[in-house]
Each structure stands twice: as structure tokens, then as C-alpha cells.
Amino acid sequence: MLPSLSSLQHPPFQKPHQNQPNPQIQPSDLLHSFTTPFQLKQIHAHIIKTNNSISTLPLQRVAHVCGLSRSSFDYARQIIHCVKIPEIILWNSCLKSLAEGDSPEDTVHLFYRLRQVDLLPDTFTCSFVLKACSRIPSLSDGRIVHGFVEKLGFRTDLFLQNTIIHMYACCGVLDDARLLFEKMPQRDVVSWNILITQFTKQGEMGTAKELFDEMPERSVTSWTAMIAGYVQCGNPAESIRLFGEMEEAGARPNEVTVVAVLAACADLGALDLGKRVHEYSDQCGFQRNVRICNTLIDMYIKCGCLEITQKVFNKMEERTVVSWSAMIGGLAMHGKGKEALELFSKMSRIGIRPNSVTFIGLLHACSHMGLVEDGRQYFATMTKDYGIIPQIEHYGCMVDLLSRAGLLQEAHEFIKNMAIKPNGVVWGALLGGCRVHKDIEMGEEVIEHLQELDPLNDGYYVVLSNIYAEAGRWEDAAKVRRLMRVRGVKKTPGWSSITIDGVVHEFVAGDSTHPQAEEIYEKWEELLEQLKLRGYVPDTSVVLLDMDENEKEHVLYRHSEKLAVVFALMNTPPKTPIRIMKNLRVCSDCHAALKLISNIADRQIVVRDRNRFHCFKDGLCSCRDYW
Ligand code: ZN
Ligand code: ZN
């Protein structure tokens with residue numbers, strides 16, 4: 001790597017007042033390792049003294065060492081002129097490594113110096129400087145180089161034109177990039193890809209798609225840019241659709257494509273496709289790609305497959321802090337708090353420095369196991385030992401931890417002393433604690449804050465109404481319902497989805513549109529008999545509608561996750577795990593029912609709700625009934 005401009009002014013080998021060369025270093029040793037103009041002069045003198053040819057000097061190094069020093073620039077040129085090589089070639093090599101190195105600004109400095117002595121740039125010179133301008137980014141310098149390209153008649157150089165478009169796009173003037181693109185006498189797939197990629201990065205998927213559709217031919221990069229773009233802007237379903245088209249078109253996904261599709265699968269909980277992409281990735285030999293492995297971990301965790309996640313993690317040859325944090329967070333999310341903390345000890349032992357995400361996982365784990373003291377300590381060490389400033393997620397975890405443990409007063413104090421403004425998640429965690437520990441007064445106070453922060457979120461009203469109902473205060477529960485009506489809070493329709501044989505089935509609460517609706521309801525009635533035999537009593541307090549008990553039960557029985565589970569029981573072989581994605585929190589009635597169903601049907605049922613995973617097995621849930 002080249003020294004930067006400032007380090008060249010103070011050569012590292014000698015202090016300014018020491019003009020004597022270090023007696024230990026012989027000029028012959030320095031021939032290929034000199035780092036300062038002063039050392040070069042020593043060698044130069046040595047070459048003359050020993051009657052050697054100046055061509056033994058490594059000229060590229062001469063250019064590198066002297067190019068950035070104003071006083072030595074001319075000296076370097078004198079040496080270069082003694083050898084019969086076009087001078088610009090040597091400067092180009094210097095510009096290239098500067099443009100790709102740590103200080104792209106130096107590329108621009110050197111370029112202007114070359115212009116001052118009227119050295120004519122060639123297409124390579126321009127491309128390296130443009131690259132530096134993209135990286136800085138510096139639009140003004142980029143425009144000047146663009147001017148040279150025009151003046152020197154390089155307009156027909158396609159590679160250079162693409163580099164200019166890229167420069168404009170990186171400098172944030174996408175319109176100029178687009179204009180230039182439109183005016184290009186000829187374009188190749190790279191020109192299109194540059195523009196499409198930049199539009200997707202700006203989240204302008206509409207424009208990107210227009211360009212993508214117009215392209216005369218597409219490369220893997222074009223497909224990948226679109227697929228990744230849709231995931232980034234929160235449209236994973238479109239990513240997956242496009243990936244299907246890409247496969248049909250016969251394009252072979254590369255490592256970047258694989259990462260993007262896996263991320264889409266994670267967001268959608270599309271386990272089957274995720275598994276298929278995983279297999280493909282292994283066949284291509286992508287196992288060593290840490291980013292792919294990290295995305296696989298994330299995908300399998302979000303699809304509720306902890307065992308496969310563990311396998312992927314164990315097989316990884318190289319693990320980054322992202323891999324460890326994902327695994328720790330995953331274990332915590334699935335109720336394996338002890339394992340999460342053990343993994344953290346292992347990570348610390350081998351010297352991996354935790355980051356802010358690692359601590360979210362750790363605090364989650366403590367929360368799950370009720371380890372209040374450990375949680376407090378992790379929260380403190382995070383800042384004290386690692387200099388990580390707590391974010392809203394960390395505060396949320398701490399409030400959750402304290403509230404679960406019944407330390408509601410402390411949790412409330414903690415919120416009041418937060419360095420940042422608490423959000424709905426933080427207050428929501430305390431409200432959850434108020435429900436479990438039956439603290440009505442605190443619940444009433446908390447709901448005031450929530451109404452201010454997130455007035456149209458019906459979830460909080462449901463919890464408050466449950467708190468009243470559990471305390472037998474029906475009047476107040478009714479008041480909450482009236483309040484919802486007055487405030488215009490609409491109940492978000494709940495939906496659950498389940499994928500069977502690659503087909504996604506969606507169920508909305510009260511659904512009767514599904515082709516198998518009638519059979520599903522029949523099967524539910526059967527199941528209900530068995531549930532009741534095992535002590536299931538419908539918990540109608542979760543239904544916040546003014547109707548009689550019978551009607552409430554009816555509404556309750558049509559909750560989307562119940563429909564999805566019954567559908568899965570009917571359409572999958574015995575013993576296969578059932579995986580459901582849900583947009584809202586699981587209500588306490590469904591939670592109780594699913595626990596029993598896991599036992600009756602002898603199935604593992606994994607539900608990913610808005611906040612967490614519930615893994616129902618043998619009549620119990622991994623959340624230990626706190627969610
Ligand atoms: Zn429910
Ligand atoms: Zn649960």
C-alpha cells in the first residue's frame with residue numbers, strides 16, 4: 001500500500017534533523033524497498049558510484065514514492081526520462097493503485113500535477129481518476145475529467161463511457177448519468193447494469209424495472225440487482241417472483257444472487273425455496289462464502305428451523321461476529337437462553353469482539369430465563385467495556401427483562417431515565433408485564449403513553465382490556481372497547497400463512513373463501529371436542545366486540561392461526577412439523593389451544609408472530625407463556 005501524502009512529508013525512517021543515512025541499511029538493500037525520495041537519492045548515488053545502469057531501478061516504485069511529493073516529482077521524471085518507456089504508463093500504474101487504495105484523493109492530486117507539466121492522459125489515466133472520483137465522491141473533479149475525455153476524443157471508448165456514468169451515479173446525480181446513457185452511441189450490458197444498480201440502491205424500483213424490461217440482453221448482474229433491490233425496499237415476494245423468472249431464463253445465480261434470494265426467503269418465511277437455494281449454493285461450492293452462511297443462518301432462524309441453523313453454523317470454516325450474533329440471537333428467539341449464553345462465552349474465549357447486535361441477543365436470552373442480574377450486567381458492560389451506546393432495542397430488552405421478572409416499578413424508573421425517547425415497543429414490554437403480574441394501575445399509566453405514541457395500534461387496547469377482564473372488571477373492559485370506537489382504532493385483520501408443497505396458503509380471520517373452508521370447519525369441530533376434554537375453555541376476553549358469548553366463541557374459533565393449523569393437519573403427513581407465519585401477536589386463546597393441539601396431534605407447531613417464535617411441542621410453548 002502506498003503512503004499517503006502527509007506521511008511522505010515526514011519520511012518514516014528518519015527524523016527531519018537526521019540527515020545521515022542509517023548505517024545499518026545498505027543502498028543495495030534499499031533497491032526494491034525504498035519508501036522515501038531521500039532513500040531513492042541514496043540508491044541513485046550508489047548506482048552512479050558503482051557504474052550500474054539506471055534501468056536497474058524499479059521505475060514504478062520511483063513513480064509511487066515521488067509522485068505525491070511536490071519537490072521530488074520533477075526528480076522522478078528525470079529518472080523516468082533516462083529510460084525509454086512512455087512516461088504515462090508508469091504514472092498510470094501509480095494512479096491505479098492510488099484509486100484502489102486508501103486515499104483516492106491522492107489520485108486526483110497526482111492527476112492535476114501531470115496536467116500541470118502537460119503530460120497527455122490516455123484512456124487508462126482517465127478511467128483510474130474517474131474511479132477515484134466515484135469513490136471520494138467528488139463531482140467537480142469528475143466533471144473536469146469528463147471534460148478531458150470529450151476534449152481528447154475518447155467518446156467512443158465504451159469502457160470509459162461506462163466509468164463516467166458510474167461516476168455520475170456515485171456522485172448522486174443519477175439524472176446526469178441517465179442523460180449520458182441515453183446519448184451513448186453504443187451501450188453494452190454493463191452500461192445498463194450500472195444504471196439499474198444505482199436506481200435500485202436509491203430505492204427507485206419503478207425506474208430500475210423500466211430499464212430492466214427494456215434491456216436487450218440481461219446478465220446475472222442485472223437479475224441480481226433487481227432481486228436485491230426488491231428485498232431492500234421491503235418487497236421480498238417480488239424478489240422471489242423475479243428469481244423464478246431468472247431460473248426460467250436459464251441465468252445461473254451467483255453468490256450475490258444467492259444472498260439476496262435467501263434474504264427474501266427469510267423475510268417471507270419461504271422455507272422450501274430457501275432450502276432449494278441452499279442446496280444449489282452447496283453444489284456451486286459457495287460454502288466458504290461467509291455472507292452466504294450468515295444469510296442462511298438468518299433464513300433458517302426466521303423460518304423456525306433451529307436445528308438446521310446449528311448445522312450450518314457448526315460447519316462454517318470462518319465465522320464473523322455477524323455469524324455469532326445471529327446464532328446467539330436465534331437461540332434466544334427460540335427460547336434457548338442457556339445455550340445462547342454458553343455460545344457467548346465460547347465466542348469471548350476465542351477473542352471475537354461482540355457488537356451491538358450480539359448484546360440484543362444476550363439480553364433476550366437473559367429475559368427468557370429470568371436472569372435479571374446477568375441482564376443488568378451485560379447492559380452495563382456493553383457500554384463500559386465495549387463502548388457500545390445502547391439503542392432503543394437494548395432498552396426494550398431491559399424493560400422486557402425487568403417486567404417479566406415482575407420488577408414493574410424498576411422497569412418504569414428505567415424507562416424514565418432512558419437517554420433516548422422510549423418508543424411503543426419499550427412501553428409495550430412494560431404493558432406485557434402489567435398483564436402477567438396483574439398490575440392494573442401501572443397498566444393504565446402505560447397505556448396513556450402508548451396511546452400518544454401509537455394511537456391506532458389496536459394490540460395495546462386488547463392487552464389493557466385483557467388486564468381488566470382477568471381482574472373481573474368487565475365495566476372497564478367495556479370502556480376500553482368504547483374508547484377504541486371513539487378513537488377510530490380499527491382492528492388490524494389477522495392473517496396466517498402456511499406453505500405446503502411450495503404453495504403459500506393464506507388464512508384471514510373468519511375466512512370462508514378458502515376452497516377447503518367447509519372441511520376445515522368440520523375438522524375444527526372434531527378437534528374442539530378433544531380440546532374441551534383436555535380442559536380447554538374458550539377465552540372470549542380477547543374478543544373486543546360487543547356481542548354475546550356464543551358469537552364471541554364463534555369469532556374466536558375462526559382466528560387465522562387456528563384455521564391454518566387445522567388445514568396443515570389435514571394436508572400434511574403425521575408427525576411433520578407445522579410452520580405458520582402470522583402478522584399479529586398470537587392471542588392468549590390461540591396460544592392455549594395450540595399448546596393442547598401439539599399434544600393431541602403429536603405435532604411440533606412453530607408460529608412466527610409479529611414479535612417472536614412460539615414453538616409448541618408436547619403441550620408446552622418455548623415462550624413459557626410470556627410473549
Ligand atoms: Zn387467536
Ligand atoms: Zn408461546
Side-chain angles (χ1 to χ4, degrees), residues 269 301-302 304 306 330-337 364-365 367-370 400 403-404 428-429 432-433 435-436 458-463 465-466 469-470 491-498 506-511 520-521 524 527-528 531-532 536-545 547 549 551-569 577-601 603-627:
I301 285 172
K302 288 191 177 149
L306 200 56
L331 286 166
M333 216 177 172
H334 285 272
K336 308 254 181 216
H364 262 305
S367 186
H368 257 289
M369 293 163 63
D400 185 61
S403 310
R404 273 170 185 255
R435 197 198 81 208
V436 171
D458 59 303
Y460 304 132
Y461 295 89
V462 178
V463 178
S465 154
N466 288 351
E470 277 166 29
K491 201 159 161 29
T492 319
W495 57 256
S496 297
S497 75
I498 179 163
E506 255 188 16
F507 296 90
V508 185
D511 211 343
I520 293 172
Y521 291 141
W524 165 254
L527 201 57
L528 185 61
L531 285 169
K532 284 184 172 165
Y536 166 76
V537 182
D539 177 4
T540 50
S541 72
V542 301
V543 183
L544 293 192
L545 296 165
M547 47 176 68
E549 284 300 300
E551 281 176 294
K552 278 188 187 175
E553 278 182 28
H554 187 79
V555 170
L556 207 53
Y557 297 156
R558 302 291 182 263
H559 274 187
S560 63
E561 56 270 57
K562 291 195 183 91
L563 302 180
V565 164
V566 173
F567 178 75
L569 289 174
I578 297 172
R579 292 170 209 286
I580 292 169
M581 306 286 150
K582 179 167 169 59
N583 66 332
L584 306 175
R585 277 164 45 108
V586 181
C587 81
S588 51
D589 183 75
C590 287
H591 199 268
L594 290 176
K595 280 201 292 187
L596 290 172
I597 294 173
S598 75
N599 206 350
I600 295 169
R603 296 273 196 128
Q604 186 190 5
I605 304 169
V606 182
V607 179
R608 169 175 142 189
D609 79 1
R610 197 172 60 189
N611 297 333
R612 65 177 66 242
F613 276 97
H614 299 268
C615 179
F616 301 92
K617 209 181 160 195
D618 303 329
L620 296 171
C621 180
S622 62
C623 77
R624 301 181 192 191
D625 299 337
Y626 191 118
W627 71 98

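Both ligands and their constituent atoms are indexed starting at 1 by order of listing. Both backbone and side-chain heavy atoms feed into the values below; hydrogens, waters and symmetry mates do not. Worth saying up front: this structure is predicted, and the values here are computed from it rather than measured.
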Inset, instruction - Kindly indicate whether the side chain of Leu556, heavy atoms from C-beta on, has any atom under 4.5 Å from the side chain of Lys552. - result: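 Side-chain contact under 4.5 Å: no.
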Legend entry - Distance, nearest 0.5 Å, that separates CZ of Arg585 from SG of Cys590: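 It is 12.0 Å, given to the nearest 0.5 Å.
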Inset, instruction - Grab the two heavy atoms, one from Ile600 and one from Leu527, that are nearest each other, plus how far apart they are. - result: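 Taking every non-hydrogen atom into account, CG2-CD1, 4.4 Å.
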Legend entry - Distance below 2.8 Å from the Zn ion (ligand 1): protein N/O/S atoms: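 As for protein N, O or S atoms lying under 2.8 Å from the Zn ion (ligand 1), they are His559 ND1, Cys587 SG, Cys590 SG.
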Legend entry - Greater than 12 external heavy atoms within 6.0 Å of Lys336's NZ: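 Atom NZ in Lys336 is not crowded, with 12 or fewer foreign heavy atoms closer than 6.0 Å.
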Inset, instruction - Using a cut-off of 6.0 Å, state whether more than 12 heavy atoms not belonging to His364 lie near its atom NE2. - result: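 Open.
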Legend entry - N/O/S from His614 sitting under 2.8 Å away from the Zn ion (ligand 2):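 For His614, the answer is yes, given that an N, O or S atom comes within less than 2.8 Å of the Zn ion (ligand 2).
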Inset, instruction - Report yes or no: do Tyr557 and Asp589 form a side-chain donor-acceptor pair below 3.5 Å? - result: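 The answer is no; no qualifying pair exists.
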